[in-house]
Every structure is written in C-alpha cells, then in structure tokens.
Amino acid sequence: ADLEEAFETKRELSGEVVQVVKGGLLVDVGARGFVPASLIERGYVSNLENYLGKTLRLRVIDLDRNKNKVVLSQKAILEEEYEAARQKLWETIEAGQRCRGIVRRLTNFGAFVDVGGADGLLHISEMSWTHINHPSEVVQENDEIEVYVLAVDKDKQRISLGLKQIIRSPWELAADKYQIGQIITGKVVRTVPFGAFVQVEPGVEGLIHISQLAPYRVGRAEDVVNAGDEIPVKILDFKPQEQRMSLSLSKAREELEAAEQQQIVDEYKATDAGEDKVAAEF
C-alpha cells in the first residue's frame with residue numbers, strides 16, 4: 001500500500017542497494033525493488049559494484065501488483081532537480097558574479113564547467129595569468145572550483161567563465177614587493193631593436209631601454225645581453241596598474257660596483273685601524 005501511494009503521488013523514497021544484478025541494482029524499499037542501470041544517475045554508470053550498500057533517492061516508476069514487482073528510478077529525481085536548477089540559473093546568472101562549479105570535461109582550448117544547471121566555457125586564456133600549454137596544468141575533471149562569470153548570452157545559452165580574475169595578478173603581487181630605486185635580479189627573455197625585456201618573476205616583465213644597457217652607446221641589445229642571461233637591474237619606474245616597469249642594467253652595475261668598492265675600502269680601513277691599535281699598545 002505504501003508503494004502504491006508513493007507511485008500515485010510520486011513521493012521520494014530512500015532504499016539501500018542490497019544486490020547487483022544483471023542490468024541494474026536491487027534495493028530495499030520495504031520490498032525488493034529494481035533500479036535499471038540507465039536510471040541510477042543522469043549520466044552513464046560504468047561500475048554498478050560501487051553502489052552496493054549505498055542508499056539511493058528513488059521514485060516508483062512502475063508497479064506490477066500481481067507479480068509484486070517494483071521498478072524505481074533515481075535519475076527521475078536528479079533530472080527534475082537539474083532542470084529546476086537550470087531554470088533558476090538562467091534567471092539569475094549575470095556577468096560579474098562569482099559562482100562555484102564542477103569541471104566536467106577538458107579540451108585543448110579550455111574546460112567546460114557545470115555551474116549548477118548549465119555548462120560554461122572556461123577558456124585556456126582565462127585560466128592563468130601566465131602562459132599555459134594545456135588546461136590540465138590548472139584544473140582536472142571533477143574539480144570543484146570558484147569561477148568568475150565573464151559574459152552570458154541567454155539567447156544562445158552560452159556562459160563564458162574566468163578563473164584568473166579571482167586570484168591576484170602577478171602585477172598586483174609585484175606591487176607589494178617592488179619599488180622604484182630597488183636593485184633586483186631578472187632574466188632576459190628577449191631582445192628587441194629598442195632594448196631588452198626582462199622577466200622579474202613569472203607574469204611580470206620590465207623593459208631595459210637600449211640607452212640603459214651600458215654607460216656607452218649601444219648599437220644592438222645583443223652586444224650586451226642575450227635571452228637567458230640573469231642580470232642585476234635597477235627599477236627606474238614602476239606602474240603596476242599599467243603593467244609597466246622600466247629597468248636599468250648600467251645603473252644597477254654602477255651602484256653594485258660602487259658598493260663593492262666601498263666595502264673593500266671599509267675592510268681596508270678596519271684592518272689599518274686594527275694595526276694602528278696594535279702598534280700603539282707596544
């Protein structure tokens with residue numbers, strides 16, 4: 001009678017999986033019921049053994065009173081909930097929001113993320129502030145992540161997502177670490193006719209203008225530096241909001257040499273003073 005009422009009213013039942021049989025699962029809902037493999041989840045289920053001993057949320061979809069056979073579905077409940085979530089999502093989602101999502105699948109150009117009723121595209125260019133070759137360097141399938149909604153096209157039902165917008169950019173982080181006048185070490189990434197670009201850290205590059213490479217006139221940047229060189233540079237100008245940093249190699253070398261000379265002089269003076277002191281005592 002209970003099962004009949006649940007069948008008529010579409011009331012949700014819970015049942016423990018007691019046995020794996022051909023084509024599905026046997027569950028205990030006060031009586032033995034059968035859940036076909038195709039009606040367990042919204043997607044395909046590869047291993048039925050994983051469900052043994054678990055409790056499912058079920059709805060009676062077929063009842064043969066004479067043979068006392070009950071067919072149940074968990075998928076029916078999950079589909080309804082997904083559809084309700086999908087409708088709500090399209091009513092409420094807007095660009096500029098943050099939301100949680102589950103990575104459903106990866107492609108070479110990005111990842112599709114289920115944001116609760118629809119899949120949005122997280123393009124590879126929106127995953128990281130630094131260059132990556134494949135989305136798997138940042139996310140994996142089934143990861144739960146927070147994403148930023150970049151754009152929504154409700155007519156075409158398309159959602160564009162971003163991940164890097166949630167984390168601080170390398171330039172923002174650099175603003176906390178570096179200041180004008182500082183001497184730091186950088187790596188030359190490429191030379192250009194007007195100078196050389198130096199990586200201060202991943203995602204942050206500064207320019208040494210050709211006039212700042214050496215204290216003399218330089219014809220080609222390659223005459224002084226080459227890609228891969230690690231060099232000292234002095235920060236002449238730093239505008240993190242504009243993602244610009246101006247550097248000088250000649251001034252950094254000049255100051256470091258001056259500091260080294262001063263140290264030698266100081267050490268020499270200290271030694272001299274020490275000798276004088278010894279002489280005075282005798």
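All values derive from a computational prediction rather than experimental measurement.
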Student: Could you check whether the rings of Phe238 and Tyr178 sit parallel, tilted or perpendicular, using 30° and 60° as the cut-offs?
Tutor: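 Ring orientation of Phe238 relative to Tyr178: perpendicular.
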Student: Is there a path of hydrophobic side-chain contacts, each under 4.5 Å between heavy atoms, that joins Phe7 and Leu56?
Tutor: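 Result: yes, single cluster for both.
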Student: Could you walk me through whether Asp266 and Gln262 pass the side-chain hydrogen bond (donor to acceptor under 3.5 Å, both in side chains) test, one step at a time?
Tutor: CA-CA 6 Å; Asp266 290 347; Gln262 189 59 50; 3.0 Å; yes
Student: Please name the pair of heavy atoms, one in Leu89 and one in Ala118, separated by the smallest distance, quoted to 0.1 Å.
Tutor: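 Answer, listing the atom of Leu89 first, then Ala118: CD2-CB, 3.4 Å.
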Student: For residues Val21 and Leu48, report the shortest heavy-atom separation together with the two atoms involved.
Tutor: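 Reported closest heavy-atom pair: O-CD1, 4.3 Å.
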Student: Evaluate whether atom CZ of Arg244 has more than 12 neighbouring non-hydrogen atoms of other residues, nucleotides or ligands under 6.0 angstrom away.
Tutor: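 12 or below, so no.
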Student: Minimum heavy-atom separation for Leu249 to Leu213, with atom names?
Tutor: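 Smallest interatomic distance, heavy atoms only, reads CD2-O, 3.5 Å.
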Student: When rounded to the nearest 0.5 angstrom, what is the spacing between OG in Ser246 and CD1 in Ile235?
Tutor: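 It is 10.0 Å, given to the nearest 0.5 Å.
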Student: When you look at NZ of Lys154, are more than 12 heavy atoms from neighbouring residues, nucleotides or ligands closer to it than 6.0 Å?
Tutor: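 For Lys154, atom NZ is crowded (more than 12 foreign heavy atoms under 6.0 Å).
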Student: Does CD belonging to Glu260 count more than 12 external heavy atoms closer than 6.0 Å?
Tutor: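 Count not over threshold, so no.
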Student: Mind jotting down which residue pairs meet the salt bridge (Lys or Arg N to Asp or Glu O under 4.0 Å) criterion with at least one end in residues 32-52? Sequence neighbours excluded, please.
Tutor: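 Listed by first then second residue: Arg42-Glu79.
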Student: Go through Glu81 and Arg57 one step at a time and tell me if the salt bridge (charged side-chain N to carboxylate O under 4.0 Å, His left out) criterion holds.
Tutor: CA-CA 12 Å; Glu81 288 181 347; Arg57 302 169 60 201; 2.5 Å; yes
Student: Quick one: CG on Leu236 to CE on Met245, what's the gap to the nearest 0.5 Å?
Tutor: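 Result: 10.5 Å between the selected atoms.
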Student: To the nearest 0.5 angstrom, please state how far the OH atom of Tyr82 sits from the CG atom of Asp114.
Tutor: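 Spacing of OH (Tyr82) from CG (Asp114) equals 4.5 Å.
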Student: Could you give me the CA-CA distance, side-chain angles and deciding distance for Gln74 and Tyr51, then say whether side-chain hydrogen bond (donor to acceptor under 3.5 Å, both in side chains) is met?
Tutor: CA-CA 12 Å; Gln74 177 173 256; Tyr51 289 90; 5.8 Å; no
Student: Please name all residues satisfying side chain to side chain contact (heavy atoms under 4.5 Å, CB included) with Thr107, sequence neighbours left out, ordered by chain then number.
Tutor: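 Testing Thr107 for side chain to side chain contact (heavy atoms under 4.5 Å, CB included), a comparison that skips the adjacent residues, returns Arg105, Phe109, Phe112.
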Student: Begin with the C-alpha distance, continue with both residues' side-chain angles, and end with the deciding distance and a verdict on side-chain hydrogen bond (donor to acceptor under 3.5 Å, both in side chains) for Thr191 and Glu222.
Tutor: CA-CA 7 Å; Thr191 53; Glu222 294 87 345; 3.1 Å; yes
Student: Report the residues that fulfil side chain to side chain contact (heavy atoms under 4.5 Å, CB included) with Arg158, sequence neighbours left out, ordered by chain and then residue number.
Tutor: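 Once residues adjacent in sequence are excluded, the partners of Arg158 under the side chain to side chain contact (heavy atoms under 4.5 Å, CB included) criterion are Asp153, Lys156.
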